[in-house]
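Below is one structure, written out as structure tokens; the observations come after it.
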Amino acid sequence: MLAGQILNGIVTGAMYALVAIGFSLVIGTLDKLNFAHSEVFMVGGFIAVASVSWLPWQLALIVIFLAGGLLGLATEFIAFRRFQTTEGKVTAALASMALGLIITDLVHKVWGTEPVPLKLDSPWLQTGQTFFGATVLNLQLVILAVAFVLMALLHILLQKTRMGRQIRALAESTVSASLLGIHVRRVTQAVFFLSSALAAVGGLLVALRGGAASSEIGLSFGLKSLAIMAIGGMGDLRGALVGGLLIGVLEALMFQMGLGRLVEMTAWVTLFAVLIFLPNGLFGGGIHAREQRA
Amino acid sequence: MIGDQLFFTGINVLLAWSVYLVLMTGSLSFAQGTFMAIGCYAAGVLTVNFGWPLLPATLSGALLSCVVAAVVGWPALRLRGVYLILVTIGITFCGRVLLENVEYIGGVAGFGGMVGASLTSVFIAVGLVGAALFWLSRTPLQRSFDAVREDDRVAASLGINVPVVRLIGFCGGAFIAAVAGSLYGHYMSFVRPESFDILLSVYVVLYVVLGGVNNMWGALLGATVMTLLPEYFRVLAQWRPSVFGLAILLMLLFKPQGLLSFRTLSSRWKKA
């Protein structure tokens with residue numbers, strides 16, 4: 001029972017991490033908060049509802065990835081490109097928040113405010129295997145696999161490819177990067193594409209596990225991932241992963257202890273604690289953490 | 001009907017001013033909904049369960065909210081930028097969960113029975129808070145606020161205690177929001193924790209951004225327009241979030257430095 005709960009927690013945590021990594025990528029490279037990210041994540045579930053009805057799920061996954069990425073490009077164009085100065089930091093956050101309001105409203109107009117069921121007619125997903133006395137649904141394994149494969153691919157992209165080096169250079173300093181001949185706008189677009197695509201897939205996974213796409217999760221699950229990003233440390237991908245798994249397992253343990261009603265607080269209380277004792281987050285350090293200190 | 005609309009306009013103006021007071025010190029607060037809830041519930045408990053009159057109950061609720069803001073805000077106000085925004089969002093979520101789980105104040109079902117606030121009391125509150133803000137804009141404290149907002153490192157080097165100045169702004173904002181909450185509760189006579197969710201706080205911040213953050217009249221204008229307009233245009237009411245979001249985006253686009261750049265002496269010099 002306990003093992004099952006912890007596994008549930010890890011599955012939730014992997015999804016948190018997937019969304020938190022998107023926040024982390026944007027804040028790491030641009031030092032700006034993208035509030036539209038959590039709404040793109042929410043839209044991912046609805047694109048899933050719209051696409052699995054006429055596509056096999058493998059293709060649907062790709063469609064969702066691309067659609068999320070395109071939404072990310074739109075976000076960059078609408079809410080970030082005009083606000084590139086350091087004074088524009090708060091402005092860009094507000095603009096992305098306004099964009100998030102519009103996205104949510106459009107989703108409400110198209111799909112209504114109630115959750116929309118997402119059914120995959122695959123009995124295989126609902127069957128399970130038993131490890132250590134805990135039943136594991138294939139669905140959970142698929143979610144874990146998708147999340148970890150995507151994160152591993154992102155890690156390889158960032159560490160081994162030319163684009164990854166450019167993104168990391170941009171994270172150190174926009175000015176130096178552009179002096180070195182890096183096309184800053186192109187790289188920024190890549191960052192937004194990647195982060196939003198990951199968020200949209202995260203939305204799909206959350207909708208798959210819950211069996212329905214809900215327009216509420218942008219403000220609950222999405223903002224919680226934002227807290228997780230800060231718990232892990234701004235702009236650090238390891239931090240987002242560890243923070244996500246930590247909060248996922250903590251929440252599962254709270255359910256196990258019968259504190260289910262306080263579960264929504266877990267991420268935020270952890271954030272307060274981390275800020276008091278480790279103001280830079282678990283993996284803090286680097287230029288972005290210094291920038292946040294008073 | 002028109003009385004209701006004016007009442008909600010007054011409440012929103014108070015909330016917008018509470019955000020404005022925090023914003024003057026250069027930080028953005030998404031926790032005003034929770035401070036409103038604290039004021040509302042605390043004053044409600046005092047009037048309903050203990051039979052206090054409205055005025056002392058409101059002031060006590062506002063003081064409690066102030067203390068809560070100081071305790072929660074202190075660790076966060078030492079940090080800059082993003083962390084502070086995150087902590088205020090966290091306050092909103094934690095506040096909601098706590099309100100829903102305390103049986104004494106009704107939990108999820110809500111808390112009722114408060115009466116006594118009227119349109120007049122809101123007008124008095126708006127007048128008093130407006131006068132206080134206007135008086136504040138002529139004191140040395142305002143100049144400390146300006147310095148902290150413009151550049152906190154320079155302000156610190158001038159001997160201004162930056163966290164304390166920020167804390168004054170944050171607590172003052174919590175006080176005003178709690179007054180608004182108390183009046184709101186005693187007018188509606190029934191509130192639930194979900195009346196104070198994160199969207200409320202987001203909207204209030206956006207009222208201020210829409211109206212302009214350069215002075216207290218911007219907040220007044222933004223809150224009034226955005227409360228009254230949807231009442232008179234049906235389309236606006238249906239598409240409220242979209243229209244609102246678009247309006248914000250357009251405002252921000254046509255003022256490329258962002259509305260958050262205050263027109264101070266230094267920025268005028270830069271232009272010349």
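Chain A is the first sequence line, chain B the second, and so forth, proteins listed ahead of strands; every chain is numbered from 1.
With a 4.5 Å cut-off on non-hydrogen atoms, Leu262(A) touches chain B through its backbone and its side chain both. If you measure heavy-atom distances from Ile89(B) to chain A, the contacts under 4.5 Å come from both the backbone and the side chain. The part of Lys109(A) that comes within reach of chain B is its side chain, from C-beta onward, which places non-hydrogen atoms under 4.5 angstrom from that chain. Contacts of Val87(B) with chain A are made by both backbone and side-chain atoms, with heavy-atom separations under 4.5 Å. Heavy-atom distances place no part of Val243(B) under 4.5 Å from chain A, backbone and side chain included. Interface residue Leu226(A): backbone and side-chain heavy atoms are both found under 4.5 Å from chain B.
Counting heavy atoms from C-beta outward, Leu101(A) and Leu199(B) have side chains that approach closer than 4.5 Å. Between Leu249(B) and Ile102(A) the shortest side-chain heavy-atom distance falls below 4.5 Å. Within the 4.5 Å cutoff, side-chain heavy atoms of Ile91(B) are placed close to those of Phe272(A). A heavy-atom distance below 4.5 Å is found between the side chains of Trp239(B) and Leu106(A). Inter-residue side-chain proximity for Val202(B) and Leu219(A) is flagged as unmet; no heavy-atom pair is nearer than 4.5 Å.
Atom CG in Leu99(A) sits 12.5 Å away from atom CD1 in Ile248(B) (nearest 0.5 Å). Rounding to the nearest 0.5 Å gives a distance of 7.5 Å between CG of Leu94(A) and CD1 of Ile85(B). Note: Met97(A) CE to Leu28(B) CG = 7.5 Å, rounded to the nearest 0.5 Å.
The shortest non-hydrogen separation linking Ala98(A) to Gly245(B) is CB-O, 3.6 Å.
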For the pair Thr92(B) and Trp268(A), evaluate side chain to side chain contact (heavy atoms under 4.5 Å, CB included) and give the outcome as yes or no after the intermediate values. CA-CA 10 Å; Thr92(B) 302; Trp268(A) 300 102; over 6 Å; no
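The environment of CD in Gln142(B) is crowded: more than 12 heavy-atom neighbours from other residues, nucleotides or ligands sit within 6.0 Å.
Taking the six-membered ring where the residue is Trp, Phe30(B) and Phe35(A) present perpendicular rings, their angle passing 60° and hence far from 30°.
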